[in-house]
Amino acid sequence: LNILSFSIKEIKKLLKDKKVSEKELCDYYFKRIKKYNNKINSFISLNEDKSNFGIPVSVKDNFLLLGTKTTCASKILENYESTYDATVCEKLKKNGFFILGKNNMDEFAMGSSNENSFFGACKNPWNTSYVPGGSSGGGASSVASGLSQVSFGTDTGGSVRLPASYCGVLGFKPSYGRISRYGIVAFASSFDQVGIMARNVDDLESTYNSVLGFDKKDLSTSRNQDNLSSFKENYTIGIPSDIFKEGVQKEVLDSLDNFKELFTKKNVKFKEIKLNYIKHAIDAYYVLATGEASSNLSRFDGIRYGYRAKDFKNLKDLYSKTRGQGFGKEVIRRIVLGTFVLSQGYYDAYFSKASKVRNLIKKELFSVLKDCDFILTPTSPTTAFKIGEKVNDPVSMYLNDIFTTTANLSTLPAVSFPYGFDKKGLPIGLQLIGGHFKEKIMFDFLKLIQKERSDLFNVIPEDFKG
Amino acid sequence: MIVNSEIVENILELSNLEIKDEDKKDLSYDLNKILNHMKSLNNVDVENVEEFFHACFEKNALREDRVEKFPSFKKFLENYSKDSYFNVPEIISNKRES
């Protein structure tokens with residue numbers, strides 16, 4: 001019985017027919033984690049509460065789950081015991097899921113490679129010398145290698161889609177306001193959204209339906225959760241080719257062309273679109289997201305919880321030492337950058353300006369999506385890169401997010417799906433950005449992709465079989 | 001150069017971050033590199049464009065202000081607690097000032 005190739009729906013049938021028990025299912029996954037986790041470092045901690053079992057899933061280590069530590073992969077929260085359940089975790093428990101453990105991540109979700117973790121870099125299961133992508137690298141690698149059925153992460157600028165692309169799985173970020181963020185450690189509040197990584201479309205859709213909805217504890221969730229889309233027979237997809245003429249790996253572009261060729265035959269209409277502001281997305285994003293982060297991360301001061309510096313002279317000194325010693329290099333870089341863009345004399349030139357550019361990007365995407373169902377781009381300009389390759393070059397690291405940040409800037413749903421491998425055997429991902437609150441049609445289309453190319457889904461790397 | 005060492009010191013002070021002197025050089029180098037890249041924003045004409053800050057489009061998301069019991073309140077105190085209070089270091093006295 002190869003459980004790894006089954007969808008949740010199929011597993012539920014096995015459970016119903018008593019072919020397997022929930023405990024056996026979870027034990028199977030725990031055994032796999034024990035056997036393989038040291039190879040890729042996907043989990044920071046495991047759930048010790050084994051009183052109830054269910055469909056085995058995992059969450060990123062910035063989701064609060066009672067009975068586990070929530071570290072955000074940071075020294076400053078190394079010993080922080082979760083004080084309550086995030087709404088997503090509560091819903092998962094209620095809907096028959098079991099949370100196996102907490103996935104590795106870039107510290108405070110800041111990074112594109114999962115190298116910025118206090119608990120060590122996470123690795124790509126397709127080749128362990130390569131990064132899994134970030135910041136939800138632990139989630140993507142655990143799903144790809146069959147250490148978890150589905151993983152929940154956060155996507156602020158591509159943190160679910162990018163690792164999904166590098167690890168060859170689906171990574172989905174719904175519209176802003178779909179899923180509650182109560183109990184999830186905030187990074188940049190006007191961008192953060194819960195995202196899901198899965199090996200097949202059915203798992204993605206069914207788990208999404210289990211966790212979405214208005215939450216009175218998070219008033220950024222929408223009261224109206226209707227699907228603003230209906231079934232379609234003919235899809236129209238816009239491709240902004242001129243934005244990826246330069247700097248994109250040839251095999252990634254070939255993959256996109258193959259996709260276009262195959263689905264043209266299936267009556268999908270492709271059309272060229274122009275997106276004039278996209279080239280500024282990455283800069284606008286990093287101004288705004290670091291600004292918001294500098295404010296959100298001010299709560300980590302060593303007073304009520306978390307790491308506290310030992311020798312200090314006064315209160316200010318306690319704060320500064322605690323934070324200087326507790327945060328890693330990238331987090332410090334972003335807090336400083338964020339404080340700078342918000343500071344007196346620079347606010348207008350950076351933060352205010354970027355928020356206007358954000359508005360232009362958002363308006364342009366909304367307008368294009370009136371005539372197209374989706375916008376198609378590569379998820380990332382390249383496939384995964386080697387561990388250590390970009391770690392000392394923040395600008396080239398930030399540029400990995402060039403195609404993903406647009407969806408967060410404009411609050412739109414987006415998904416990365418696997419579409420082949422490059423010569424090195426590393427997965428290639430393509431991205432679809434959809435209309436606001438039109439997730440349903442995105443799932444319909446993903447099902448069509450899965451029907452035509454079932455070979456791309458439920459694939460486990462050779463080294464993790466058995 | 002957009003930020004010099006003086007600006008970096010000031011920002012570190014504002015962000016309550018004390019870092020090693022040798023790390024400040026790297027930080028300053030990285031910041032300038034990033035901010036240089038961000039210069040491209042100056043090429044965008046944003047005249048008459050409004051700022052966009054709020055990602056949810058709903059207005060007045062209000063709820064009733066009602067007291068509810070928090071199920072795991074004790075957990076909050078487990079991190080730095082003494083009895084039912086947060087246990088924090090003494091900060092009002094000047095004893096610690098050197």
Side-chain angles (χ1 to χ4, degrees), chain A residues 66 80-84 176-177 190-191 216 219-220 222-224 277 279-280 282-284 286-287 294 298 301 303-306 308 312-321 323-324 327 329 332-333 335-337 339-340 343 349-350 352-360 362 394-395 398 411, chain B residues 2-3 7-8 10-20 23 26-27 30-31 33-58 61-64 70-80 86 88-89 91-92 94 96-98:
Chain A
L66 278 172
Y80 179 71
E81 285 287 342
S82 306
T83 38
Y84 56 96
Y176 188 92
S190 80
F191 297 90
K216 64 174 180 182
L219 292 179
S220 73
S222 182
R223 275 168 210 273
N224 183 359
Y277 297 108
K279 55 178 179 287
H280 303 292
I282 206 86
D283 292 316
Y286 276 94
V287 169
S294 72
S298 62
D301 55 11
I303 300 296
R304 287 144 300 165
Y305 50 78
R308 183 185 288 167
F312 50 88
K313 286 181 252 163
N314 51 40
L315 187 59
K316 168 92 179 159
D317 198 38
L318 165 64
Y319 291 155
S320 304
K321 286 204 162 82
R323 290 162 60 79
F327 289 134
K329 204 174 171 185
I332 287 177
R333 201 184 276 141
I335 293 174
V336 170
L337 185 61
T339 308
F340 174 76
S343 63
Y350 289 95
S352 171
K353 178 106 194 206
S355 75
K356 289 174 182 170
V357 174
R358 181 180 187 183
N359 204 0
L360 290 170
K362 188 208 115 200
V395 170
Y398 293 174
T411 77
Chain B
I2 299 168
V3 290
I7 297 176
V8 171
N10 180 38
I11 297 293
L12 284 167
E13 173 82 12
L14 286 171
S15 353
N16 282 333
L17 284 166
E18 184 183 309
I19 62 170
K20 293 189 195 114
D23 292 337
D26 281 351
L27 179 66
D30 290 340
L31 285 180
K33 212 172 154 190
I34 298 165
L35 290 167
N36 257 321
H37 196 275
M38 287 171 172
K39 270 188 188 160
S40 92
L41 290 175
N42 292 330
N43 304 329
V44 191
D45 179 10
V46 292
E47 197 154 334
N48 300 322
V49 179
E50 277 178 43
E51 293 167 328
F52 176 68
F53 291 131
H54 300 289
C56 40
F57 303 120
E58 277 167 63
L62 302 173
R63 62 170 165 76
E64 222 181 304
F70 195 82
S72 51
F73 183 72
K74 276 191 183 154
K75 281 263 168 200
F76 280 100
L77 297 166
E78 277 171 18
N79 286 286
Y80 286 124
F86 285 110
V88 298
I91 47 152
I92 297 171
N94 288 323
R96 279 178 165 277
E97 295 278 0
S98 51

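Chain letters run A, B, ... following the sequence lines, proteins first, then strands; residues in each count from 1. On a predicted model such as this, the values are computed, not experimentally measured, just so you know.
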- Considering all heavy atoms, the nearest Pro89(B)-Leu318(A) contact: CG-CD2, 3.8 Å
- Select, from Val8(B), Asp30(B), Asn43(B), Leu14(B), the one with the greatest count of heavy-atom pairs under 4.5 Å involving chain A. Asp30(B)
- Message: Which atoms of Asn42(B) are under 4.5 Å from chain A, going by heavy atoms: the side chain, the backbone, both sets, or neither?
- Response: both
- Query: Between Phe73(B) and chain A, which part of the residue has a heavy atom less than 4.5 Å away: side chain, backbone, both or neither?
  - Reply: neither
- Query: Does any heavy atom of chain A fall under 4.5 Å from the side chain of Val3(B), the backbone, both, or neither of them?
  - Reply: side chain
- Task: Heavy atoms only: give me the nearest Asn16(B)-Arg323(A) pair and the separation to one decimal.
- Result: O-NE, 3.1 Å
- Note on the structure: Honestly, the part of Ser222(A) sitting under 4.5 Å from a heavy atom of chain B is both
- Message: Using a strict threshold of under 4.0 Å (side-chain N to carboxylate O), is an ion pair present between Lys316(A) and Glu13(B)?
- Response: yes
- Item | Plane angle bin for Tyr398(A) and Tyr286(A) - parallel if under 30°, tilted between 30 and 60°, otherwise perpendicular | parallel
- Top contributor to chain A contacts, counting heavy-atom pairs under 4.5 Å, from Asp23(B), Asn10(B), Asp26(B), Leu17(B): Leu17(B)
- Message: What part of His54(B) gets within 4.5 angstrom of chain A, counting heavy atoms only: side chain, backbone, both, or neither?
- Response: neither
- Message: To the closest 0.5 Å, what do you measure between CZ (Phe340(A)) and CD1 (Ile7(B))?
- Response: 6.0 Å
- Query: Which atoms form the tightest heavy-atom contact between Val44(B) and Tyr277(A), and what is the distance?
  - Reply: CG1-CE2, 3.9 Å
- Task: May I ask you to check whether Asn36(B) and Lys39(B) show a side-chain donor-acceptor distance below 3.5 Å?
- Result: yes
- Message: I'd like to know which of Lys216(A), Arg223(A), Glu81(A), Lys329(A) tops the heavy-atom pair count under 4.5 Å against chain B.
- Response: Arg223(A)
- Contacting region of Ser82(A) [heavy-atom separation from chain B under 4.5 Å]: backbone
- Task: Measure Ser352(A) against the heavy atoms of chain B and call it side chain, backbone, both or neither at under 4.5 Å.
- Result: both
- Query: Which atoms of Leu27(B) come close to chain A, meaning under 4.5 Å heavy atom to heavy atom: side chain ones, backbone ones, both, or neither?
  - Reply: side chain
- Here the pair of heavy atoms bringing Asp301(A) nearest to Ile303(A) is OD1-N, 3.1 Å
- Could you have a look at Leu219(A), Asp317(A), Ile282(A) and say which one has the most heavy-atom pairs with chain B under 4.5 angstrom? Leu219(A)
- Item | chain A contact via Glu58(B) - side chain, backbone, both or neither, heavy atoms under 4.5 Å | side chain
- Item | Residue part contacting chain A, namely of Leu12(B), when any heavy atom lies under 4.5 Å | side chain
- Message: Looking at every heavy atom in both Ile335(A) and Ser15(B), which two are closest together, and how far apart are they?
- Response: CG2-CB, 3.8 Å
